Amino acid sequence: MKKYLKIFLGILTAIGGFVDIGDLVTNAQVGARFGMSLGWIVIIGIVGICLFAEMSGRVAAVSGRATFDVIRERLGPRMGLVNLVGSMAVTLLTFVAEIGGVALSIELVSSVNEVLLAPFLGVMVWLILWKAKFSHIENVLGVLGLALLTYLLSLFELGPDWGHLGHQLVTVAKPADETWTTWWYYAVALFGAAMTPYEVFFFSSGGVEEHWSVEDVSLMRANVFIGFPLGGTLSLAIAACSTVVLNPLGVDVASLGQVGLPVAVALGKVGLAIAILGFVAATLGAACETGLSTGYSLAQYFGWQWGKFVRPREAARFHVVIAVATVIAVGILLTGVDPVAVTEASVVFSANALPLTYFPIQVVSNHRDYMGEHVNGPVANVLGSAYLVLVLLASVAAIPLMIVTGMGA
Amino acid sequence: MTDARGSTPSRRRVAALVALTAAVPVLTGCVVPATPDRHGWFVHGERATGTVVSALGTAALTLREQRGSDLLPNYARVTVAQAEEAAAGAAGAWSAEQPPPAQQDRAGRVGDILDRADGLISDARTALLNNDPHACDRYCPRLRKMSTRVQRIEQALAADAARVTVGH
């Protein structure tokens with residue numbers, strides 16, 4: 001019974017913790033501008049993140065070591081360093097966006113400017129990462145993130161033409177007033193938002209934090225193959241709500257307030273309040289995950305003691321990295337930079353860094369010395385290789401598309 | 001290491017750099033100032049008007065929901081304030097654009113409309129701040145009408161941008 005409860009809680013937190021500021025903003029933007037015509041990119045992204053999260057989770061469960069740790073040992077310090085620099089830069093940028101997202105969410109109910117909120121939220125995130133237990137961070141914020149289910153309810157309440165939405169979802173088409181370069185730019189951004197590198201590093205490090213072993217592989221797979229797709233459904237629901245409410249009005253999403261309007265239209269004040277709770281939980285949860293991931297990446301690369309499973313005193317350098325990352329993130333937000341613009345940049349740079357993250361994971365998960373009989377099967381390898389081609393294409397296209405389209409303007 | 005003429009590679013690099021530095025102002029003086037890029041101007045106009053249409057739509061929707069008490073008061077204020085900020089930014093960016101000579105009058109007319117749209121959103125925000133119970137009755141129809149008007153301008157600019165090739 002306890003085992004089933006554990007699986008159930010794991011799935012719930014995987015659903016509630018799936019969406020972050022990148023998913024919120026990018027899906028709402030795409031729905032408002034392109035309808036559901038890019039929804040299939042989200043589906044491809046969800047399959048991809050499931051595939052590689054399962055590989056990295058399996059590495060953690062079988063070897064008892066997190067991904068970075070194994071990558072450095074297996075591929076050498078140079079390849080490890082390339083992997084570290086690419087993913088660390090993107091994770092830090094995402095950390096800035098997530099703390100900014102929490103600030104924007106609280107601004108919606110307090111009217112206090114997000115720049116003023118940033119230092120307090122930085123201290124709060126740092127305190128959570130310093131004091132709270134790993135399982136508490138993951139479970140509490142993950143379950144509260146389920147408040148975003150309001151988007152699914154809203155979609156049913158709005159009563160859209162399902163046939164029309166479905167047709168858009170399976171058709172590669174763009175609105176007449178948009179260009180194909182902009183369409184592709186958002187396709188790459190959505191793909192980057194769904195496959196953000198920190199998610200796999202956090203997932204595998206979390207496995208080590210929770211002392212996963214080979215017996216936990218089935219629990220891990222339940223989280224990945226049930227929780228992630230259901231979490232991804234929330235992304236699609238956000239895009240669909242934007243399609244139904246904002247697209248006909250010509251609203252181009254540039255603020256978090258606009259992201260919540262469809263819920264207000266469908267469910268009123270109470271629904272909106274729950275959705276804002278979901279915004280706070282999703283962004284705060286992701287801020288904790290990205291904050292921890294900065295510490296995980298660096299500590300695992302240099303072989304320092306890391307993790308929440310030991311006292312802070314025993315993992316001092318790990319906690320110093322987190323504290324420095326928090327100071328940098330708050331410093332960037334204090335310049336008055338728009339967190340939504342940071343989010344847009346972070347998902348594009350995520351796409352850019354994807355091969356650096358996922359190629360080493362596939363290599364390591366095929367290594368018999370670490371994985372024994374649990375190496376990738378043929379399906380995982382074929383799918384993984386196909387996705388490596390996709391992530392390479394997205395990576396090459398991301399920056400040129402960003403420049404040509406002026407960040408999708 | 002010295003070549004046949006007795007100069008080292010680093011000296012040659014310095015000489016090339018000096019020559020290049022001297023050539024830049026000379027060549028710059030030989031060209032006439034470029035006229036503003038027409039295609040770019042139309043594209044920037046399309047973006048500015050698109051942003052204002054989005055801001056008008058956001059303000060109208062927020063006011064409508066606020067009338068039905070379906071919004072938290074701070075949420076409505078923040079959302080409309082951000083829409084106003086976006087519209088003001090777009091109108092300001094447009095006024096800083098250098099129009100092609102043949103488009104001077106049009107630039108002024110578009111600029112006036114964008115300023116009026118921004119002013120309208122500002123008035124709507126003030127009504128929200130004052131808890132005006134008739135804010136939507138007073139402003140929603142005007143916001144929608146203005147949105148339609150700016151949308152037409154956006155479409156015209158988009159059509160012109162498509163007609164004019166890049167760099168002309």
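What's counted below: heavy atoms across the whole structure, side chains too, no hydrogens, waters or symmetry copies. Bear in mind the structure is a predicted one, so any value in this text is a computation, not a measurement. Residue numbering restarts at 1 for every chain, and letters A, B, ... go by the order of the sequence lines.
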Is it the backbone or the side chain of A/Ala254 that comes under 4.5 Å from a heavy atom of chain B, or both, or neither? neither
Would you please test A/Phe156 and A/Trp162 for ring pair (Phe, Tyr, Trp, His ring centres under 6.0 Å) and show each step? CA-CA 10 Å; A/Phe156 284 100; A/Trp162 293 102; 5.2 Å; yes
Check for a donor-acceptor pair, side chain of B/Asn74 on one end and backbone N or O of A/Val109 on the other, with a separation under 3.5 Å. yes
Salt bridge flag under 4.0 Å for residues B/Arg106 and B/Asp160: yes
Between A/Glu98 and A/Thr283, a side-chain donor and acceptor under 3.5 Å: no
Considering only heavy atoms, which portion of A/Leu246 lies under 4.5 Å from any heavy atom of chain B: side chain, backbone, both, or neither? side chain
Ranked by heavy-atom pairs below 4.5 Å to chain A, first place among B/Leu56, B/Thr62, B/Val43, B/Thr58 goes to B/Thr58
Quick check against the 3.5 Å criterion: does A/Asp23 have a side-chain atom that pairs as donor or acceptor with the backbone of A/Asp20? yes
Under 4.5 Å, counting heavy-atom pairs only, tell me which of A/Leu256, A/Asp252, A/Val245 racks up the most with chain B. A/Asp252
Quick check for you: among B/Glu65, B/Glu154, B/Gln155, B/Arg64, which has the greatest number of heavy-atom pairs under 4.5 Å with chain A? B/Glu65
